[in-house]
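Note: hydrogens, waters and symmetry copies are ignored here, and every other heavy atom, side chains too, is used.
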Amino acid sequence: MEGNLPQQQCHPVTTAIEKDDLVIPIIDFGPFLHGTPADKHEVAMSVVHAFKTSGFLYLSNHGVPPSVVSHVFGTSARFFARPQDQKDSLCWTTPQANRGYVKTGQEKLSTVEDVDDDVAAAAAESRSIPDLKETMEIGREGVEGLPNRWPEHLDAAGKEFKAVMLSFFEMCKALHTEVMRAIALGMHLPEHYFDPYVDAGDNNLRLLHYPAVDKRVFRHNPLQVRAGEHSDYGSITLLFQDGRGGLQVRSPRGTFVDATPIADTVVVNAGDLLARWSNDTIKSTRHRVVEPPKVVDEDEKDADEDGSGVYPDRYSIAYFCNPNNDQMIEAIPGTYGEDIRPLKYPGITAGDYLVQRLTATY
């Protein structure tokens, strides 16, 4: 069952989700950022344990002020409320750039690997149904030939949008660096082991809007989702949720478990490249966004027995963290060897790996 969902946890770890052999903790990150070496080590071990078991955790006291997160959400909502032609003028172009606006139905995340024919057929059918979301992708600023697609030329709100998102990008970059330092300590490496791999900030800030949708859409089409089952591509993802819900994480039993929003926390999950980097000692766990859980709020109850009514808009903010594009990613020391496990993957540059994955997605 799901444990209590506190807004803040006691040092160092509490359980947020426990169901179907999936355990997702809440980890107080404050002692890592401001504590003693012993505090840092304790938090680091908790972070790596979560990544090795579920691949997911919640961080509280992570250093990004709630007021900032709230302002970014509001700025994002105002962007998505713009006329469609304005958003289309800022459209996403290439996997190499991975910047700009992505309209509903352009991206399909559902993927299946190493499954039988029946499951593959079901997945193919699922991929034919568009995800119910639109996004805005923001990359590292100042990369030659790969400009961000800002709305600053449209109006004053467009200029504010750019300033807000650039500031938030840097805050998330700093948190990414600290989480990687925790991973290093938790894997018995020097704390700053990953710093040269992530200092450029070749990351991606994704603003997501899941438009309001009639509840009967899900009732009449069981395969409809807001974002299909997938794993993330990079090292880690920082996910800021609103209160609507709908994120689900795949359990070891193959079921999907609700990752309930918890105020003032950030959900952090390991991605495919970190799993590869760790020689699969760290898990990159599949997840999806579906019909929100049933609610008890009188304003959102089903209008009648056939499930009519509307699910409100849902917003989230994902910061996809990656190694520097030019860094060669090879198995981390201590994750392979004769007495541990064989080396599973050849080296690849982070940029090449991410372009391969993005090319298959769009």
Side-chain angles (χ1 to χ4, degrees), residues 72-73 75-111 127-155 157-166 168-169 172-173 200-211 225-235 237-240 271-273 287-289 313-322 324-325 350-362:
V72 173
F73 267 98
T75 305
S76 173
R78 288 188 290 275
F79 171 81
F80 286 115
R82 286 182 176 275
Q84 190 64 44
D85 62 337
Q86 289 188 8
K87 293 184 289 187
D88 288 341
S89 72
L90 306 172
C91 67
W92 187 95
T93 53
T94 67
Q96 288 75 18
N98 194 28
R99 290 160 167 83
Y101 171 73
V102 180
K103 65 183 179 182
T104 301
Q106 185 173 344
E107 180 189 38
K108 185 60 189 177
L109 286 172
S110 181
T111 58
R127 283 195 295 272
S128 69
I129 303 170
D131 287 351
L132 298 178
K133 69 177 188 300
E134 57 180 343
T135 73
M136 182 62 173
E137 314 289 333
I138 300 166
R140 177 162 66 93
E141 184 77 336
V143 180
E144 184 176 357
L146 301 175
N148 280 307
R149 309 298 303 276
W150 299 115
E152 59 182 329
H153 61 286
L154 296 176
D155 48 36
K159 293 183 176 66
E160 180 188 9
F161 176 89
K162 178 179 179 179
V164 168
M165 296 308 163
L166 284 176
F168 188 66
F169 191 104
C172 291
K173 178 186 173 185
D202 282 325
N203 305 321
N204 175 253
L205 174 61
R206 168 177 284 192
L207 311 178
L208 295 110
H209 173 221
Y210 303 89
V225 294
R226 280 179 154 177
E229 177 186 350
H230 66 284
S231 54
D232 293 344
Y233 305 154
S235 53
T237 300
L238 311 177
L239 178 67
F240 300 83
D272 295 342
L273 192 52
H287 49 284
R288 65 185 185 181
V289 181
D313 298 71
R314 177 183 187 268
Y315 296 88
S316 63
I317 301 165
Y319 188 78
F320 296 108
C321 305
N322 308 303
N324 302 344
N325 284 334
D352 287 345
Y353 179 81
L354 293 169
V355 168
Q356 288 176 14
R357 297 297 301 275
L358 288 165
T359 299
T361 302
Y362 290 91

Is there a side-chain contact between Leu154 and Phe161 in this structure, where contact means two heavy atoms from C-beta onward sitting under 4.5 Å apart? no
SB check Arg206 Glu137 (cutoff 4.0 Å): yes
I want to check something: taking the side chain as every heavy atom from C-beta on, are Asp155 and Arg82 in contact at a cut-off of under 4.5 Å? yes
Ignoring hydrogens and geometry, is there a side-chain-to-backbone donor-acceptor pair from Ser76 to Val72 under 3.5 Å? no
All heavy atoms of Ala200 vs all of Arg140, minimum pair found to be O-CD, 2.8 Å
Between Glu134 and the options His209, Gln84, Lys103, the side chain to side chain donor-acceptor pair (under 3.5 Å) test singles out His209
Heavy atoms only: give me the nearest Leu273-Ser235 pair and the separation to one decimal. CB-N, 4.3 Å
For Gly234, does its backbone N or O pair with a side-chain atom of Asp232 as donor and acceptor, under 3.5 Å? no
Pairwise distance CG(Asp202) to CG(Asn98) - rounded to 0.5 angstrom: 11.5 Å
Quick check for you: to the nearest 0.5 Å, what is the distance between Phe79 atom CZ and Gln86 atom CD? 9.0 Å
Restricting to ring-ring contact (aromatic ring centres under 6.0 Å, His included), what partner residues turn up for Phe168, sequence neighbours left out? Phe240
Between CG on residue Leu146 and OG1 on residue Thr94, distance to nearest 0.5 Å: 6.5 Å
Minimum heavy-atom separation for Tyr315 to Phe73, with atom names? O-CE2, 3.4 Å
How close do Leu132 and Thr104 get, counting heavy atoms only, and between which atoms? CA-CG2, 4.3 Å
Phe169 vs Glu141 side-chain heavy atoms within contact, under 4.5 Å: no
Are the side chain of Asn203 and the backbone N or O of Asn322 linked by a donor-acceptor pair below 3.5 Å? yes
Rounded distance (nearest 0.5 Å) linking atom CG of Leu207 with atom OG1 of Thr75: 9.0 Å
Heavy atoms only: give me the nearest Ser316-Tyr210 pair and the separation to one decimal. OG-CE1, 3.8 Å
Asn148 (side chain) donor-acceptor with Ile138 (main chain) under 3.5 angstrom: no
Can you see which heavy atom on Phe80 is nearest to which on Lys87, and at what distance? O-NZ, 2.9 Å
Calculate, to the nearest 0.5 Å, the distance between atoms OG and CZ belonging to Ser231 and Arg288 respectively. 14.5 Å
Sidechain-backbone polar pair: Arg99 side chain, Arg149 backbone, donor-acceptor under 3.5 Å: no
With heavy-atom distances below 4.5 Å as the criterion, would you say the side chains of Met165 and Leu205 are in contact? yes
Side chain to side chain contact (heavy atoms under 4.5 Å, CB included) assessment of Leu90 paired with His153: CA-CA 11 Å; Leu90 306 172; His153 61 286; 3.8 Å; yes
Would the distance check show the side chain of Asn204 and the main-chain N or O of Phe320 forming a donor-acceptor pair, the cut-off being under 3.5 Å? no
Minimum side-chain heavy-atom gap Glu229-His287 below 4.5 Å: no
